[in-house]
Amino acid sequence: MNSNEIKTLDKENIVSTYARYDMVADHGKGSYCFDMDGKKYVDFTAGIGVNCLGFCDDGWIRAVSAQLSKLQHVSNLFYTEPQVTAAKLLTERTGMRKVFFGNSGAEANEAAIKTARKYGTVKKKETANKIITLKNSFHGRTMAAITATGQDNYHKFFTPFLSGFEYCEVNNADELRDMADDTTCAIMMEMIQGEGGVVSLDAEFVKAAAALCTEKDILFIVDEVQTGIGRTGKLFAYEYFGVKPDIVTFAKGIGGGLPIGGALFGEKTCDVLEPGNHGTTYGGNPVACAGAVEVLKRIDEDFLAQVRKKGEYLKAKLLEIPQVKDVSGIGLMLGVAVEGKDAGKVVKDALSGGLMILTAKDKVRMLPPLTITYEELDEGLAIFKNALA
């Protein structure tokens with residue numbers, strides 16, 4: 001099929017929940033993607049933070065192919081080596097106790113929400129089921145996750161929503177303390193609000209939230225679906241803030257391109273969920289977990305240090321561009337505020353020039369593969385400059 005045939009079939013056969021960009025991706029390698037006509041694009045999206053090792057990484061292909069030839073699926077009624085290996089790597093690296101594997105970020109947050117509600121009910125009282133999240137947050141598109149999301153535009157059309165969620169102003173520790181009463185079971189937040197515009201939280205606010213949770217026996221949940229697995233130059237972004245969450249959710253980059261997500265549980269929460277409380281048919285799939293094992297083994301401290309350096313380089317180069325007003329974010333998760341041009345228009349113009357980038361509210365968002373080279377960063381920056389001109 002050619003590009004036009006694919007676009008036509010998409011329109012006729014696929015529910016239009018996405019406003020797709022005008023490019024039919026065909027194949028990729030590393031930080032480059034090629035369309036059906038052979039045009040090359042520098043990728044500053046990593047599949048919205050998923051392809052952390054870039055397209056078709058050789059080591060990742062070997063790992064998932066080897067597992068695919070052995071066992072593609074068996075369900076969670078049986079043990080598999082890739083699942084326990086991935087879990088052990090995560091717990092050893094973080095000091096958390098146990099892992100639940102699902103298939104996506106929304107599912108990871110659903111698991112965290114259910115755990116928090118059971119914890120509140122069992123450890124405190126039946127009415128201790130309120131979860132406080134932040135305004136401008138994003139936690140997923142399932143019913144509980146979308147209710148947890150603190151943005152009104154995501155709350156249209158789908159009423160009634162779940163009860164028991166309240167939204168605190170970002171970085172307002174006094175308001176958070178006032179909201180945290182004896183019916184509260186958890187406080188849930190992103191360290192950097194990705195879909196909210198790549199907005200980093202203040203360290204003092206995060207520390208105050210964690211301390212409040214300890215004081216009142218409230219669970220501290222950190223959503224690291226976009227920020228986790230090396231994206232910010234640490235394995236998880238909460239490490240920058242000097243806190244220890246009770247639950248950490250993750251997805252996107254951990255599978256290197258395969259659908260996998262999950263939740264890490266600390267000492268207080270690791271045994272809350274019991275058989276029958278929660279589950280998933282596909283979660284912890286051996287092929288996806290084989291990809292996760294490869295990713296986690298590759299993302300060592302030297303690798304993370306390089307991500308931090310590349311992030312600093314990219315931010316500095318962006319700030320040299322006259323039309324760039326500000327750059328937010330950490331590592332290779334950056335939000336670029338541009339002057340004189342709509343962010344959506346910038347993304348389309350950049351795509352025409354051969355650069356794949358994203359939006360986050362009124363900013364341009366950049367999430368390159370963590371393996372991107374400095375030469376590839378420069379190549380993408382040159383196209384971005386032309387798109388702004």
Side-chain angles (χ1 to χ4, degrees), residues 3 6 18-61 64 194-195 198 225-233 251-259 291 294-295 298-299 303 306-311 313-315 317-318 321 327 329-336 338 343-360 363-388:
S3 296
I6 290 171
Y18 299 96
R20 302 196 199 277
Y21 295 121
D22 190 23
M23 191 268 273
V24 180
D26 181 70
H27 63 281
K29 190 67 178 176
S31 299
Y32 294 112
C33 186
F34 298 83
D35 68 15
M36 293 288 294
D37 302 315
K39 181 178 176 178
K40 184 177 78 172
Y41 300 81
V42 183
D43 180 25
F44 276 22
T45 72
I48 318 184
V50 169
N51 299 332
C52 61
L53 302 179
F55 290 108
C56 302
D57 175 83
D58 292 340
W60 181 85
I61 288 174
V64 298
E195 302 298 325
V198 195
V225 169
Q226 189 166 148
T227 52
I229 317 300
R231 176 52 52 188
T232 67
K252 290 191 181 289
I254 189 166
L258 291 173
E294 176 68 15
V295 166
R298 296 272 289 280
I299 299 181
F303 185 103
Q306 285 300 312
V307 172
R308 293 193 292 273
K309 288 180 181 178
K310 290 173 189 175
Y313 177 84
L314 180 56
K315 182 180 281 191
K317 289 293 184 180
L318 286 165
I321 301 172
V327 181
I330 309 172
L332 289 175
M333 179 179 177
L334 300 180
V336 186
V338 297
K345 181 70 165 59
V346 174
V347 170
K348 291 180 180 178
D349 290 345
L351 190 65
S352 296
L355 173 67
M356 299 161 66
I357 49 178
L358 304 160
T359 60
K363 292 180 184 176
V364 171
R365 180 171 32 157
M366 297 184 175
L367 303 169
L370 305 184
T371 52
I372 196 167
T373 67
Y374 287 96
E375 292 76 17
E376 291 161 348
L377 286 171
D378 287 340
E379 189 177 350
L381 282 163
I383 300 169
F384 184 62
K385 289 178 185 177
N386 287 335
L388 290 177

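Residue indices begin at 1 and follow the sequence shown. These numbers come from the heavy atoms of this one structure, side chains and all, not from hydrogens, waters or symmetry mates. Treat the numbers as computed from the prediction; the structure is a model and nothing was measured.
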Exercise for the section: Indicate yes or no for a side-chain donor-acceptor contact from Ser352 to the backbone of Lys348 under 3.5 Å, with no hydrogens or angles considered. Expected result: yes
Practice task
Report yes if some heavy atom in the side chain of Leu367 is under 4.5 Å from a heavy atom in the side chain of Gln226; otherwise report no.
Solution key: yes
Practice task
Starting from the C-alpha separation in whole Å, work towards a yes-or-no answer on side-chain contact (heavy atoms from CB on, under 4.5 Å) for Leu332 and Arg231.
Solution key: CA-CA 6 Å; Leu332 289 175; Arg231 176 52 52 188; 3.6 Å; yes
Exercise for the section: Please report the C-alpha distance between Arg365 and Leu334 in whole Å, then the side-chain angles of each, then the deciding distance to 0.1 Å, and finally whether the side-chain contact (heavy atoms from CB on, under 4.5 Å) criterion is met. Expected result: CA-CA 6 Å; Arg365 180 171 32 157; Leu334 300 180; over 6 Å; no
Handout entry: Within-4.5 Å side-chain heavy-atom neighbours: Ile330 and Arg308
Key = no
Exercise for the section: Return yes if a side-chain donor-acceptor contact under 3.5 Å exists between Tyr32 and Asp43, otherwise no. Expected result: no
Completion exercise
Closest heavy-atom pair, Ser31 versus Pro369, reported as atoms and distance to 0.1 Å, is OG-CG, 3.9 Å
Fill in the blank from the handout: Between Cys52 and Gly253 the two heavy atoms that sit nearest each other are SG-O, 3.2 Å
Problem - Any Met356 side-chain heavy atom under 4.5 Å of Leu351 side chain - result: yes
Completion exercise
Between the NZ atom in Lys40 and the SG atom in Cys33, the distance rounded to the nearest 0.5 Å is 12.0 Å
Practice task
Please examine the side chains of Tyr374 and Lys309, heavy atoms only from C-beta on, and report whether any two atoms are closer than 4.5 Å.
Solution key: yes
Problem - Side-chain touch Ile6/Val24, heavy atoms, less than 4.5 angstrom - result: yes
Practice task
Nearest 0.5 Å please: distance from the OH atom of Tyr41 over to the CG atom of Leu355.
Solution key: 11.0 Å
Problem - Glu376 bridged to Lys310 by N-O distance under 4.0 Å - result: no
Exercise for the section: Name the orientation class of the two ring planes belonging to Phe34 and His27 (parallel below 30°, tilted from 30 to 60°, perpendicular beyond 60°). Expected result: parallel
Problem - Lys29 with Asp58: basic N within carboxylate O range, under 4.0 Å - result: yes
Problem - Note, Leu370 side chain near Leu53 side chain (heavy atom, < 4.5 Å) - result: no
Fill in the blank from the handout: Between the CD atom in Gln306 and the OG1 atom in Thr371, the distance rounded to the nearest 0.5 Å is 12.0 Å
Exercise for the section: Check whether any side-chain heavy atom of Asn51 lies under 4.5 Å from a side-chain heavy atom of Trp60, and answer yes or no. Expected result: no
Exercise for the section: Can you measure from CD1 (Ile299) to CD (Glu294) and round to the nearest 0.5 angstrom? Expected result: 10.0 Å
Practice task
May I have the step-by-step check of side-chain contact (heavy atoms from CB on, under 4.5 Å) for Ser3 and Asp35, ending in yes or no?
Solution key: CA-CA 9 Å; Ser3 296; Asp35 68 15; 5.9 Å; no
Practice task
Show your working on side-chain contact (heavy atoms from CB on, under 4.5 Å) between Ile229 and Ile254 and close with a plain yes or no.
Solution key: CA-CA 6 Å; Ile229 317 300; Ile254 189 166; 3.8 Å; yes
Exercise for the section: Please report the closest heavy-atom contact between Val347 and Ile357, naming both atoms and the distance. Expected result: CG1-O, 3.4 Å
Completion exercise
Note: Phe44 and Leu381 closest approach over all heavy atoms is CZ-N, 4.3 Å
Practice task
Starting at CG of Leu358, measure out to OG1 of Thr45 and round the result to the nearest 0.5 Å.
Solution key: 5.5 Å
Handout entry: Val364 and Thr359, any side-chain heavy atoms less than 4.5 Å apart
Key = no
Problem - Closest non-hydrogen atom pair between Cys56 and Gly28, with its separation - result: SG-O, 3.5 Å
Problem - Asp57/Arg298 salt bridge by N-O under 4.0 Å criterion - result: yes
Practice task
Check Lys385 against Ile321 and note the closest heavy-atom contact, atom names and distance.
Solution key: CG-CD1, 3.6 Å
Exercise for the section: Return yes if some donor-acceptor pair links the side-chain N/O of Lys252 with the main-chain N/O of Ile48 below 3.5 Å, else return no. Expected result: yes
Handout entry: Nearest-0.5 Å distance, CG of residue Leu314 to CD1 of residue Ile372
Key = 8.0 Å
